[in-house]
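Let me begin by presenting the structure, written as structure tokens, before commenting on it.
Atom set for the values below is all heavy atoms of this structure, side chains included, hydrogens, waters and symmetry mates excluded. Numbered from 1 within each chain, the chains take letters A, B, ... in sequence-line order.
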Number of protein chains: 2
Amino acid sequence: MNQIDFEKKIKFYKELIDKRIELISRGKKPSSLYRPIEFFLESSGKRIRPILMLLSAEACDERKALRIINQAIAIELLHNFTLIHDDIMDNAKLRHGKETLHRKYDVSTAILAGDNLLSMAYKSLTKNLYQNSLLVVNTFTDAVNIVCEGQSLDKEFENRIKVSRDEYFKMIRNKTASLISAACKIAALTIDASKDIVNSLKKFGMNLGTAFQIKDDLLDMTGQSVHFGKKLGSDLVEGKKTFLLISALNNAKDDDLKQLKQLIKNKGIKISEVKKYFNIYRRLGVVEEANKSIQLFTHKAINNLSIIKNSQAKSYLTRYALKLLERSS
Amino acid sequence: MNQIDFEKKIKFYKELIDKRIELISRGKKPSSLYRPIEFFLESSGKRIRPILMLLSAEACDERKALRIINQAIAIELLHNFTLIHDDIMDNAKLRHGKETLHRKYDVSTAILAGDNLLSMAYKSLTKNLYQNSLLVVNTFTDAVNIVCEGQSLDKEFENRIKVSRDEYFKMIRNKTASLISAACKIAALTIDASKDIVNSLKKFGMNLGTAFQIKDDLLDMTGQSVHFGKKLGSDLVEGKKTFLLISALNNAKDDDLKQLKQLIKNKGIKISEVKKYFNIYRRLGVVEEANKSIQLFTHKAINNLSIIKNSQAKSYLTRYALKLLERSS
């Protein structure tokens, strides 16, 4: 009877989240603050983090999943706050195929919209929060802190010649994985799951988030032509220290190495050179290396769930995690 | 025996706060994030909000004042977060006589430093917080939200021809007074004061903060030549909708009104015209009007404290409030 189809369940959660987010700033004033927020939140994000949270809560206790909806919305708002400010810092033109906020309005409006989104996130976080409330707030705050540190490292790396693989992993754990980890942990804390389960979901999120970011790096090369509204090869053009670039640097010799050093020296390449660099990446086997790494971290993530008893909800959580890592956009 | 001199007490609190703030980011990495934060926090702010909080707590219960030190630091960090982002939005060059953060570094660094300061503020807020913790967090979050709304209104007003006195008051309550109100309320909540006292301190902060902002507007005309590192008449040059401008517009006729409308149309004046506009303000009696308004709100604020039993601590709180409104910089 309760065997709701996987796709239907994901669709149901996504629509629920979209609806809640749609209403969160409707009619609020001042307009100069809330209309830009509305514009940004309406964009077609995949709502990955709150869906993961609802599935995580359901895997812990099928009856309680929807109790964490406000906390799930909080994580999505926090994520959107980071996107708005990152877009300013990266001077990005498009987000989800639409104009970025600082381009549609201006930098001041985007800064303030981001700041206010963070306060809206905290507001949602403490709504109907009856268990472990201070722990939930602190986990959330730590995530904000660590994401800022990660973004700072990412910017630092753009200006550095050498970035080790370990440094890269530290950066993506901070910038991307820590938020997904905090999301899953908060889902468990909010429904008062056991310490072991809280800890397992925290690790699950960290490993999944790491795989997720490597996949994101890989999609800059192998993705569908419009990947999050970005053009293929954008990371190369911007000289970002991605998994691909760091692997390539590790493997390259002679002329390939010379070309890669050129890229780093110039902090990026011309759009016309993207194809050439993709060929270097292919030659050096970085696609295979990325896929291997994604599989490794995914495997670890799935293993982290072993403590949770098997159920349809758990199988959906696993399936959603795998789906994220097989995505093409 | 315990009759510590007023000035000594304020100095003791200021040094305590400075010391705590000095240590808060020391040695932390990444450097590209924490050194800018350190640079900004070192500047010679007056630490008005945390001092008010310590005095408020002491007025409620002499033995408990220092228990709220982490919450007092949290409010100061939140205040600094708003300053860093406001300076970007206002394109300000100086803050406390030093370069603003986005000018010493760049806009990206300043955005991220501000964001991270807010997470550091939340971290400090929940440290050693044993009473009313969710209420404290929610009061703090509401303050962040309302300050953003106030800043947004302030920017909106820069582009508007007409701003009523009521709209001005709403804006300064949001932008300035709400944070001072939240600070005093949080001091009372943290030491678990009675509901009546919590409410009185909240109102006290709101009235004091309103008087404080009008004084701030007035100091743009009557202050010492270096007022927070700003030159006299900056608000006029930037065309800010201050108490002075709104009063002047209410009172002006004929040529004065024409000059003021010119200012609004051009969204500001030349530096060379400052003297002329100060003369208009003087002619129209706006200095007296501002002083009257400051006295009115100060009187209300002091009255809000009547519920608290008299003590040396309470007299110090009153004295500090009065001192704030008699300042010349």
Would you compute the distance between atom [atom1] of [X] and atom [atom2] of [Y] and round it to the nearest 0.5 angstrom?
X	Y	atom1	atom2	result
B/Lys155	A/Leu33	NZ	CG	13.5 Å
B/Ile111	A/Gln151	CD1	CD	9.5 Å
B/Ser108	A/Asp90	OG	CG	7.5 Å

At a heavy-atom separation under 4.5 Å, does [X] approach chain B through its side chain, its backbone, both, or neither?
X	value
A/Lys29	backbone
A/Phe140	neither
A/Leu134	side chain

Taking the side chain as C-beta and beyond, is there a heavy-atom pair between [X] and [Y] under 4.5 Å?
X	Y	value
B/Leu125	A/Val137	no
A/Leu112	B/His85	no
A/Thr141	B/Thr126	no

Should the ring pair A/Tyr122 and B/Tyr122 be called parallel, tilted or perpendicular, given that the plane angle runs from 0 to 90° and is split at 30 and 60? parallel
For a quick test of reading the model, state the closest non-hydrogen atom pair linking B/Asp115 to A/Cys148 and the distance between them. CB-SG, 3.8 Å
Above 12 or not: heavy atoms from other molecules or residues under 6.0 Å from [atom1] of [X]?
X	atom1	result
A/Lys241	NZ	yes
B/Lys170	NZ	no
B/Lys202	NZ	no

Pick from B/Val144, B/Asn116, B/Val147 with the largest number of heavy-atom pairs that fall under 4.5 Å of chain A: B/Asn116
Assess, by modelled atom type and distance only, whether the side chains of B/Ser152 and A/Ser32 contain a donor and an acceptor separated by less than 3.5 Å. yes
Go through the steps for B/Met89 and A/Val107 under the test side-chain contact (heavy atoms from CB on, under 4.5 Å), then give the verdict. CA-CA 8 Å; B/Met89 296 178 218; A/Val107 170; over 6 Å; no
Checking [X] against chain A: side chain, backbone, both or neither under 4.5 Å from a heavy atom?
X	answer
B/Asn145	both
B/Leu118	side chain
B/Ser31	backbone

